Amino acid sequence: MDRIKERMNQLRLEADESAAKVEELQAKIKALEQENLAKEQEITSLTHKNGLLEAENEKLDTSVKDLKKTADDTLQHGTQNETLQRRLQLLEEEAEQADKTLRETNEKLRQTDVKAGHFERKVQALEVERDQWESKYEEMAKKHQQLQKELDDLQVEIGNI
């Protein structure tokens, strides 16, 4: 009789521990999902920024080409040519800076994609672990019900004696 009570208490403790572990894992999953959502938003933001930088780069490239043509057409005008050359140099530097920023943004986007993939795999692993704990919890609940039924049957038999 004491062994049965002891076993029931042990099963209750295991069930409580399993429930606590499930709650903990669910909290971890929720945190990872929120983190994943933040990463997806960052990816969207970086993609948008990337598109803007590409458009700006094309605009700057067009400006550079236009300025070069103008400079070629006005070679005889020395002073004006020097001014245009300085302006062209500034635009080229801006274009180089825009290219650099674009490369950095693309690298950040790639890194974010890698991180997002890592977190997705981590979430999947935690979901598998949660499912395992839930199945273990269900098995324990079935065992508990079975033991409870056996205990009830035993009490009925003892009552009949």
Side-chain angles (χ1 to χ4, degrees), residues 8-146 148:
M8 283 181 50
N9 286 335
Q10 182 182 10
L11 288 172
R12 283 187 189 124
L13 287 175
E14 287 177 10
D16 290 344
E17 288 173 3
S18 294
K21 183 69 176 182
V22 166
E23 288 176 17
E24 178 186 328
L25 290 173
Q26 287 173 342
K28 283 182 181 179
I29 287 171
K30 185 176 181 180
L32 287 172
E33 287 174 344
Q34 289 175 348
E35 191 173 315
N36 194 21
L37 179 62
K39 294 295 181 186
E40 288 176 1
Q41 289 172 348
E42 183 179 347
I43 287 170
T44 302
S45 173
L46 289 173
T47 302
H48 177 70
K49 186 175 180 181
N50 188 17
L52 292 176
L53 288 173
E54 286 177 351
E56 182 181 345
N57 190 27
E58 288 178 19
K59 180 181 172 185
L60 289 173
D61 284 344
T62 304
S63 294
V64 167
K65 288 177 185 175
D66 291 342
L67 288 175
K68 282 184 180 180
K69 183 180 181 206
T70 303
D72 290 338
D73 292 341
T74 58
L75 258 179
Q76 66 266 15
H77 304 291
T79 330
Q80 187 179 10
N81 190 25
E82 288 177 12
T83 305
L84 289 174
Q85 288 295 337
R86 279 186 252 131
R87 189 171 172 196
L88 175 62
Q89 185 179 0
L90 288 174
L91 286 172
E92 286 176 343
E93 289 173 3
E94 287 177 12
E96 288 174 7
Q97 185 62 35
D99 283 340
K100 181 181 175 187
T101 305
L102 179 62
R103 285 190 299 275
E104 290 172 357
T105 301
N106 282 336
E107 180 61 22
K108 285 180 184 177
L109 179 62
R110 187 193 62 76
Q111 290 174 358
T112 303
D113 281 341
V114 169
K115 286 180 184 178
H118 169 72
F119 285 118
E120 287 174 2
R121 288 189 299 279
K122 197 170 186 179
V123 164
Q124 288 173 351
L126 286 171
E127 287 175 347
V128 167
E129 186 178 347
R130 180 204 59 206
D131 292 342
Q132 290 172 347
W133 278 105
E134 286 177 353
S135 67
K136 187 175 180 181
Y137 175 75
E138 291 172 4
E139 288 177 20
M140 290 298 178
K142 287 178 184 177
K143 286 181 183 179
H144 178 266
Q145 288 175 347
Q146 184 182 9
Q148 184 66 41

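The residues of the chain are indexed from 1 along the displayed sequence. Predicted model, so just to flag it, every value in this text is computed and none were measured. Just the heavy atoms: all of them, side chains too, but no hydrogens, waters or symmetry mates, feed the values below.
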Heavy-atom side-chain contact between E129 and K21 under 4.5 Å: yes
Salt bridge (charged side-chain N to carboxylate O under 4.0 Å, His left out) between E139 and K143, worked out: CA-CA 6 Å; E139 288 177 20; K143 286 181 183 179; 5.3 Å; no
K28 and E24: CA distance, side-chain angles, deciding distance, salt bridge (charged side-chain N to carboxylate O under 4.0 Å, His left out) verdict: CA-CA 6 Å; K28 283 182 181 179; E24 178 186 328; 3.6 Å; yes
Side chains of K39 and H118 in contact at under 4.5 Å (non-hydrogen atoms): no
N106 and R103 side chains, donor-acceptor separation under 3.5 Å: no
Worked verdict on K68 versus V64 for side-chain contact (heavy atoms from CB on, under 4.5 Å): CA-CA 6 Å; K68 282 184 180 180; V64 167; 3.9 Å; yes
N/O donor-acceptor pair under 3.5 Å between R121 side chain and G117 backbone: yes
Test item: T44 and H48 side chains (from C-beta on) under 4.5 Å apart, heavy atoms: no
Steps toward side-chain contact (heavy atoms from CB on, under 4.5 Å) verdict (L13, N9): CA-CA 6 Å; L13 287 175; N9 286 335; 5.6 Å; no
Side-chain heavy atoms of V114 within contact of R110, under 4.5 Å: yes
Audit row: E107, Q111, side-chain hydrogen bond (donor to acceptor under 3.5 Å, both in side chains) steps and yes/no: CA-CA 6 Å; E107 180 61 22; Q111 290 174 358; 3.1 Å; yes
Y137, OH atom: more than 12 neighbouring heavy atoms under 6.0 Å: no
Side-chain heavy atoms of V128 within contact of Q124, under 4.5 Å: no
side-chain contact (heavy atoms from CB on, under 4.5 Å) between V123 and N36, worked out: CA-CA 9 Å; V123 164; N36 194 21; 5.6 Å; no
